[in-house]
Amino acid sequence: MERKVRVRFAPSPTGPLHMGGVRTALYNYLFAKKHNGDFILRIEDTDQARFVPGAEEYIIQALKWCGITPNEGVGFGDGGHAPYRQSERKPMYRQYVEQLISSGHAYYAFDSTEELDEMRSRMEKAGSSFAYNAIIRQSMKNSLTLSEDEVQRRLAANENYVVRIQLPRNEEVRVKDIIRGWVVVNTAQMDDKVLFKSDGMPTYHMANVVDDYTMQITHVIRGEEWLPSAPLHVLLYRFLGWESSMPEFAHLPLLLRPDGNGKLSKRDGDRLGFPVFPLNWTDAKTGEQSSGYLERGYFSDAFVNMLALLGWHTSGNREIFNMDELVQEFSLDRVSKSGAKFDPEKAKWFNQQYLRLHSDEELADLFAASLQEKHPGIVNSVSRDFLVTACKLIKEKANFVHEFWEQGSYLFIAPEMYDQEVIKKRLNERSMAFVVAMKDVFLGLAEFTAASTESAFKQVAEAQGIKTGEVMQLFRVCLTGVAGGPALFEMCALLGKAESANRLERALATIKTQ
RNA sequence: GGUCGGUUCGUCUAGGGGUUAGGACAUCUCCCUUUCACGGAGGAAACACGGGUUCGAUUCCCGUACCGACUACCA
C-alpha cells in the first residue's frame with residue numbers, strides 16, 4: 001500500500017532563514033501539495049551553543065509571508081507527531097542509541113576533544129587525513145578497545161563520552177536519489193560519525209533519522225550539502241531495522257552567489273546589493289541589519305515564483321506561475337542537478353510582472369500604505385479615485401510599489417524645479433505664448449478630460465501655427481517638472497482643471513525668473 | 001589532499017543520437033510613444049576539452065579540466 005506522502009522542512013534556528021532555505025521549504029511544500037500529502041516544519045535545535053533567539057519566530061514568519069504553510073509543526077499545530085522541536089524530543093533518542101550499541105552498530109568513545117584535535121593535526125602533518133574509522137578506532141579510547149570493566153567504570157564515573165556509529169570496514173553503500181540517481185560510497189571513505197554528544201543530545205544525523213522515521217516521513221527533500229552524509233543515514237536506517245520504511249531522498253542543487261564562487265550564504269547579507277533573506281533581520285549580538293525581500297518591496301508571490309524557477313523548470317517556456325499553478329506543475333524529476341546562480345535582475349523582472357498583475361485598486365491600497373509611512377499628509381490630501389488613477393498611470397513604469405512615489409510624486413505635489421534641458425531647448429517667445437494661451441483655454445473648458453484637453457491642445461497649436469512637437473515637452477515640464485512620465489493628457493485629466501491651470505501659471509512665473 | 005556531485009548563450013534554462021540548438025533576464029539596434037516606461041521587430045551571444053561507441057554525438061561511455069559541496073561532540 002502506498003504511504004501518504006509526508007515531507008518536512010527541518011531548519012536549525014541558528015539565524016534567519018535565507019532564500020536557499022526558503023526554496024527548499026518551497027519544493028517540499030509543492031511536492032506535498034501535489035501529492036495531497038503533509039508538509040511538516042521541524043526545528044532542529046540540537047546544537048545548544050548555536051541557538052539564536054528569534055530565529056525560530058523568523059522562520060515561521062518567513063514561511064507565512066511566502067504562503068509556504070506547513071500543516072503540522074512548530075507554530076503550525078500538532079498533526080499527531082508533536083513535539084516538533086528536537087530539543088523537546090530529547091528523551092526519545094536515547095533508546096535508539098542504546099539499541100544501536102546493543103546490536104553492535106555503535107560504541108562509546110571517550111576520547112577528549114583535545115586528544116582528537118592532537119591526533120588530527122599529527123596525522124595531517126604526516127600528510128594523511130584523520131578519520132575516526134575502522135582502523136583508527138582500534139587505537140582510540142572506546143568501548144571497542146577498552147575492557148568491559150573499564151568502560152563500565154568510566155560510565156559509572158560520569159566521564160564524558162560520545163556514541164559513535166560503528167561502520168563496516170569496507171562495504172559499498174548505495175543511495176538512491178530522485179534527482180541524481182544512484183550514488184555509491186564505500187564505508188572505507190567514511191568515518192564513525194558521532195551520533196550522541198557528550199551533552200546528552202543527538203547529533204543531526206541521529207536526530208534526523210529517528211525523527212524522519214517516527215514522523216513517517218516518506219521523502220527527504222533537502223540541500224545538496226547533505227548528499228555526502230546520505231550514505232550514513234541509509235546505514236542508520238539499516239542498523240535500526242527501518243530500511244523498509246526508509247524515505248526516498250532528493251538532494252536539491254545549491255543556490256550560488258551571483259558574483260562567482262560559492263554557495264549563497266547567510267553572511268553575504270547585503271554585500272552584493274540584494275537581499276538574501278525573505279524578511280529583515282537584525283542580529284541581536286552585533287546589531288547588524290540584513291534586508292529582506294518583503295521590506296525591499298517584493299511581492300511574496302513574485303519572490304516565490306522567482307525562487308521556484310531557480311533549479312526547476314517545466315518543459316515549456318512559461319515562467320509565471322502562481323502557487324496553485326506551481327503545485328500543479330511541480331515535479332522533482334524536473335529539478336536540475338547543477339547549482340543555480342541567483343540573478344537579482346531577474347528577481348526584479350518577476351516583481352514587475354506581478355506588479356502588472358495587480359489591479360489599480362490593489363496597488364492603490366499598497367501605495368497608500370507605503371505613503372502613510374513616509375508622506376502621511378499626501379494620502380489624506382487626495383481622493384481614493386485620484387490615487388487609483390495615479391497608480392494606473394505610474395504602474396507601467398515601475399518595478400515596485402515604492403517606486404511609485406519617486407516616479408510620480410509630481411502628481412501629488414506641484415513641481416518646484418523644472419527640467420533645465422527641456423527649458424533651454426524649447427523655451428522661447430512662441431512657446432511661452434502657447435503655454436499662456438493653454439492656461440486660459442484650459443480654464444474655459446467645460447469638460448476636462450484626456451480627450452478634451454488633447455483636442456484643445458491641438459487647436460491652440462494650430463491657431464498659433466506651432467507644431468505640437470515644439471511645445472509638447474515644454475508643456476509637460478511646466479505641468480510636472482520632469483521630461484518623462486505617463487501620457488500627458490491623462491495626467492491633465494487626473495490633475496483637474498484648476499490644478500493644471502495653476503501649475504501652468506506657476507511654471508510660467510518660475511521659469512521666467514530663472 | 002580525499003570523497004561525492006555538477007558542467008547548453010554573461011545569467012536562469014528548454015532540448016536531445018541527425019535541430020537554422022528554443023525561450024526568459026541582461027545587452028545592442030530599430031519601430032511605437034514627438035517623453036520615460038510598456039509593447040513590437042530584430043541583432044550579438046552557448047553545448048568545457050580529449051578520446052571512444054556510432055553512418056552520425058552537444059546528447060551515450062571513459063578520461064581531463066574547471067566549478068561546487070562535504071570532510072566538527074554544526075546543522
Side-chain angles (χ1 to χ4, degrees), chain A residues 10-15 44-50 86 109 111-113 116-117 120 124 127-132 160-164 175 177 179-181 183-186 188-191 193-205 207-208 222-231 251 253-254 256 258 260-263 306 309-320 334 336-350 352-353 356 393-399 407 419 422 467-473 475-477 480 482-488:
Chain A
S12 60
T14 54
E44 310 227 328
D45 56 349
T46 54
D47 187 357
Q48 323 275 348
R50 292 209 310 157
Q86 289 184 329
D111 319 279
S112 69
T113 310
L116 254 16
D117 286 346
R120 196 168 287 128
E124 270 160 20
S128 52
S129 57
F130 174 80
Y132 207 113
N160 271 355
Y161 69 89
V162 299
V163 177
R164 289 180 181 271
V175 182
D177 186 278
I179 295 166
R180 285 151 218 284
V183 176
V184 184
V185 180
N186 195 294
Q189 311 295 342
M190 299 165 60
D191 59 351
K193 282 272 180 280
V194 171
L195 300 178
F196 204 73
K197 301 186 271 189
S198 56
D199 64 0
M201 283 294 263
T203 58
Y204 168 84
H205 305 106
N208 191 264
R222 70 218 317 185
E224 192 185 354
E225 68 267 30
W226 294 110
L227 192 53
S229 53
H251 289 92
L254 264 14
L256 272 16
N261 22 39
K263 67 172 171 175
M306 179 272 293
L309 271 288
L310 233 40
W312 170 86
H313 209 279
T314 61
S315 60
N317 286 328
R318 177 137 86 115
E319 297 197 279
I320 302 299
R334 290 204 63 88
S336 47
K337 294 180 175 71
S338 50
K341 269 186 192 167
F342 167 67
D343 179 8
E345 287 303 319
K346 188 93 185 212
K348 282 185 198 160
W349 178 80
F350 273 105
Q352 184 195 53
Q353 298 301 306
R356 303 254 157 78
L393 294 182
I394 314 170
K395 77 169 177 184
E396 291 299 314
K397 321 159 50 52
N399 291 331
Q407 305 211 6
D419 188 298
V422 174
K467 280 190 192 157
T468 53
E470 285 179 56
V471 283
M472 191 78 103
Q473 276 288 80
F475 191 73
R476 172 184 285 280
V477 167
T480 69
V482 296
L488 188 46

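Chain letters run A, B, ... following the sequence lines, proteins first and then strands; every chain starts at 1.
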Legend entry - Nearest-Å distance for atom pair CG/C1', residues A/Asn317 and B/U13: 9 Å
Legend entry - Paired nucleotide for B/G63 [Watson-Crick or G-U wobble; both distances under 3.5 Å]: B/C49
Legend entry - Contact under 4.0 Å: A/Arg334 side-chain N or O vs B/G15 OP1/OP2: yes
Inset, instruction - Compare side-chain N and O positions of A/Lys346 against OP1 and OP2 of B/U13 and report whether any pair is under 4.0 Å apart. - result: no
Inset, instruction - Calculate the interatomic distance between A/Lys341 atom NZ and B/A26 atom P; express it in whole Å. - result: 18 Å
Inset, instruction - Look at the side-chain N and O atoms of A/Arg356 and state whether any lies under 4.0 Å from the OP1 or OP2 oxygen of B/C38. - result: no
Inset, instruction - Please tell me which of the listed nucleotides, B/A75, B/G5, B/A69, lies nearest to the side chain of A/Pro228? - result: B/A69
Legend entry - Pairwise C1' distance for B/G43 and B/C9, with rounding to whole Å: 14 Å
Legend entry - Proximity to the side chain of A/Ala340 - top-ranked nucleotide from B/G6, B/A75, B/U13: B/U13
Legend entry - Nearest-angstrom distance from the residue atom CG of A/Asn399 to P of B/C25: 12 Å
Inset, instruction - Compare the minimum distances between each of B/U71, B/U7, B/A24 and the side chain of A/Ser338, then state the nucleotide with the smallest one. - result: B/U7
Legend entry - G-U wobble or Watson-Crick pairing nucleotide for B/G42 (cut-off 3.5 Å, both distances): B/C28
Inset, instruction - Could you check which of B/C38, B/C4, B/G1 has an atom nearest any side-chain atom of A/Glu396? - result: B/C38
Legend entry - Among B/U13, B/G68, B/C38, the nucleotide that comes nearest once only the side chain of A/His313 is considered: B/U13
Legend entry - Side-chain N or O of A/Ser336 closer than 4.0 Å to phosphate OP1/OP2 of B/U13: yes
Legend entry - Shortest side-chain distance from A/Arg120, nucleotide among B/C74, B/C73, B/G5: B/C73
Legend entry - Closest listed nucleotide, where the reference is the side chain of A/Asp343 and the choices are B/C4, B/A72, B/U11: B/U11
Inset, instruction - To the nearest Å, give me how far apart CD (A/Gln352) and P (B/C25) are. - result: 9 Å
